[in-house]
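Data first, discussion second: the structure below is written as structure tokens.
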Amino acid sequence: MVTMPPSPAWFSSTRATFVGAATESVVAQLASGATREGWLVEPEQHDEWTSSVEALKHELAADAWPAEGQQGGAAKAETVDTLRAALAQAGLESFRHVILEYNMRRRGLRVDCVLLGEGIIAVIEFKRSRPSAADRDQVMNYAVNLCEFHAETQRALDQGAILVPIVVATQQDTPLRLGQAFHAAPWSRVLQAPLEGSARDLAQALRHALALRPSSATPVTIDRDTWLAAKFSPSSTILDAAISLYGAHDVSAISEHAAPIEVLEACATEAMAQIEDALQTGQRRIVFVSGAPGAGKTLVGLKLAFSAQLREQSVFVTGNAPLVDVLCHALQGSYKRASRRAGISGYAKEQARHVLGNATFKIVKAHNYLGDRGRHLDTAQERVVIFDEAQRTYEKGRTVLRQRLANHEADLILESLEQSFPGGTVVVALLGHNQAINSGERGAVAWLEAAARRHWQFAIGEETLALTELASHSHHGTHALRRSLQRGHLAHSLRYYRNASVERWAHAVLENQPTTARKIAAELDAHGHTVYLTRSLAHAKRWAQERRVGAERAGVIASAQGRRLSAVGIHVQYKPDISDWMLTPSGDVRSSNMLETAQNQYQIQGLELDHTIVCWDLDLRRSPQGWQAFKMQGTTWKCDKAQDIARNGYLVLLTRARKGMILVVPEGDEGDPTRPPGAYGELAAYLRACGAEEGGP
């Protein structure tokens with residue numbers, strides 16, 4: 001049985017029903033819709049709804065009362081006079097339906113009001129004060145999103161309808177503005193600038209909107225139920241823009257690699273074959289792609305998401321929110337550069353601002369999917385969910401977005417897909433190993449267990465099954481639901497050529513193998529890629545400033561638990577915006593190149609810099625038994641049992657540099673019990689034993 005998604009609007013009705021309803025009844029339905037979705041309705045919002053509803057009823061009633069034959073009733077005489085006056089000036093009978101608080105699920109936007117009429121869609125945003133430039137941008141963005149993403153709106157526009165944005169000031173006078181120019185293609189049916197005015201001007205604005213309809217054709221009919229149930233998916237031009245941008249982006253972590261790309265191509269081709277087979281045969285299947293950090297899993301996933309075969313029915317979901325932010329901003333930067341040159345994908349240069357927010361529609365943060373089981377996505381279409389960092393799903397009982405999970409997240413994801421689709425459905429699980437940096441994560445095994453419990457086929461390679469995280473579940477290799485993969489594991493890093501050896505060095509350091517680490521460090525030294533160590537942050541900054549050239553990126557990174565680094569000027573609890581940090585140029589105080597702020601392992605995972613300053617605190621320190629993890633509780637360090645998570649966090653930090661890395665171990669302070677010099681000294685001595693070279697050029 002296919003479960004129908006909830007209505008995307010908190011209120012919808014015919015115009016006549018809306019006009020005849022009591023304001024309190026409409027507002028109560030709006031509040032009920034908000035409550036169902038977990039919204040807290042403030043008194044100010046309630047008042048704004050009341051004001052908006054009254055304004056709409058006042059204007060739309062102009063033709064509703066006589067047209068429906070409703071005479072007299074309980075309405076006040078002055079209301080009847082207002083309605084008759086409006087009808088005498090011009091009819092609004094073409095507006096047939098009222099939709100309030102419409103949720104654009106994919107875009108995370110909620111529209112105050114949509115009026116559907118004969119050959120017209122009006123998008124109205126109510127503001128208490130005089131409309132600002134941001135308010136105009138907001139309602140225009142709503143209009144453009146409907147044009148680009150909403151299937152029934154696209155159909156209506158293709159058949160001659162127009163789309164008119166309107167801003168209404170409900171509690172303050174504002175000049176009436178009634179433009180009539182439309183955008184250039186592909187938004188030639190969308191008014192170029194919003195109509196705007198006070199509440200008393202709404203009728204005139206609506207009449208003006210109706211007059212903008214072309215007179216050469218019969219107005220297209222727009223059915224309310226069809227419009228509400230329509231798919232919310234991108235137009236072909238926005239798809240072309242996204243794909244073009246993907247080919248032009250310059251995100252450091254997934255840019256052109258020195259290593260051959262054939263391995264990725266082979267992996268993506270085999271995964272695509274599994275996906276197409278499952279969809280064609282109506283099977284439910286999980287396709288596993290695994291790999292070490294930097295091996296190219298994300299690149300494979302994006303390649304699949306933007307492929308010609310899947311771009312209409314797939315979505316790329318990732319738990320790595322910072323990567324999404326940086327990727328989106330970098331794609332936008334690519335568009336701006338392309339726009340200055342010659343435009344892109346059929347959009348005029350002046351339309352770039354709106355395209356920027358839409359062209360990355362394929363990339364979704366995991367909580368937008370997992371938080372309320374996919375209601376933010378168009379589950380009627382997206383049969384292929386490409387899940388990056390799939391090992392990040394949480395275990396049963398973990399609180400996610402203020403709700404305790406009733407089951408493991410992997411099971412909940414499969415369950416939601418089963419309810420949405422009766423036939424073929426695929427999850428591509430991109431698994432990173434040795435990357436658990438959050439407590440409560442179920443890990444890679446969650447997907448194998450969920451597949452077995454819910455009878456999903458799973459395609460997985462021998463190398464993936466042999467990973468440490470799955471070694472105790474080798475019986476899945478002979479499971480009846482298993483399909484074999486030959487190229488499902490990406491064993492080698494595709495990052496900058498030095499990184500493969502740096503990753504080996506980092507693993508040896510964190511696995512208490514100083515002899516092995518020292519040998520690898522010697523190999524790095526021989527090729528001019530020494531790992532440096534210093535006890536001075538100031539020295540490390542000079543090192544980075546001297547090494548960085550041109551557009552190269554340098555930055556300070558540290559563990560999120562390194563709370564006592566604040567004593568040397570590194571405040572790990574402050575989280576600078578990752579997109580600005582990664583992408584703004586030198587001279588901008590937000591830039592990583594300024595070396596003033598630090599990112600932690602959660603923010604920097606999946607991203608890279610050319611030169612890194614890795615600050616090491618006592619949250620991971622040396623003991624006679626090897627590594628020992630600690631967390632600051634109050635004013636003291638307390639032993640932390642989650643040693644693997646702490647080590648994996650430092651593994652992320654030690655593998656972010658493409659060209660050079662310097663480690664900073666503070667000196668400590670005899671007068672501060674949270675910064676014992678001896679503990680810092682032991683840590684520095686161990687890193688030197690692992691081949692880190694003191695000083696640096």
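In what follows, residues are counted from 1 in the order of the sequence shown.
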Checking [X] now: which residues fulfil side-chain hydrogen bond (donor to acceptor under 3.5 Å, both in side chains) with it, not counting sequence neighbours?
| X | value |
| --- | --- |
| His208 | none |
| Arg284 | none |
| Ser188 | none |
| Arg189 | none |

Salt bridge (charged side-chain N to carboxylate O under 4.0 Å, His left out) with [X]: which residues, sequence neighbours excluded?
| X | value |
| --- | --- |
| Arg155 | Glu152 |
| Asp223 | none |
| Arg590 | Asp580, Asp588 |
| Glu276 | none |

So which heavy atom on Cys113 is nearest to which on Leu115, and how close? SG-CD2, 3.7 Å
Please name the pair of heavy atoms, one in Val168 and one in Ile124, separated by the smallest distance, quoted to 0.1 Å. CG2-CG2, 3.9 Å
pair Lys303-Met272: side-chain heavy atoms closer than 4.5 Å: no
Using side-chain heavy atoms (C-beta onward) and a distance below 4.5 Å, is Ile162 in contact with Pro214? yes
Do Tyr102 and Leu228 pass the side-chain contact (heavy atoms from CB on, under 4.5 Å) test, and can you show the C-alpha distance, the side-chain angles, and the key distance before you say yes or no? CA-CA 9 Å; Tyr102 174 72; Leu228 286 170; 4.2 Å; yes
Of all residues at least two apart in sequence or in a different chain, which pass the ring-ring contact (aromatic ring centres under 6.0 Å, His included) check with Trp581? none
Who passes side chain to side chain contact (heavy atoms under 4.5 Å, CB included) against Ser13, sequence neighbours left out? Phe11, Thr17, Phe18
Can you list everything that forms a side chain to side chain contact (heavy atoms under 4.5 Å, CB included) with Ser129? Sequence neighbours excluded, please. Gln172
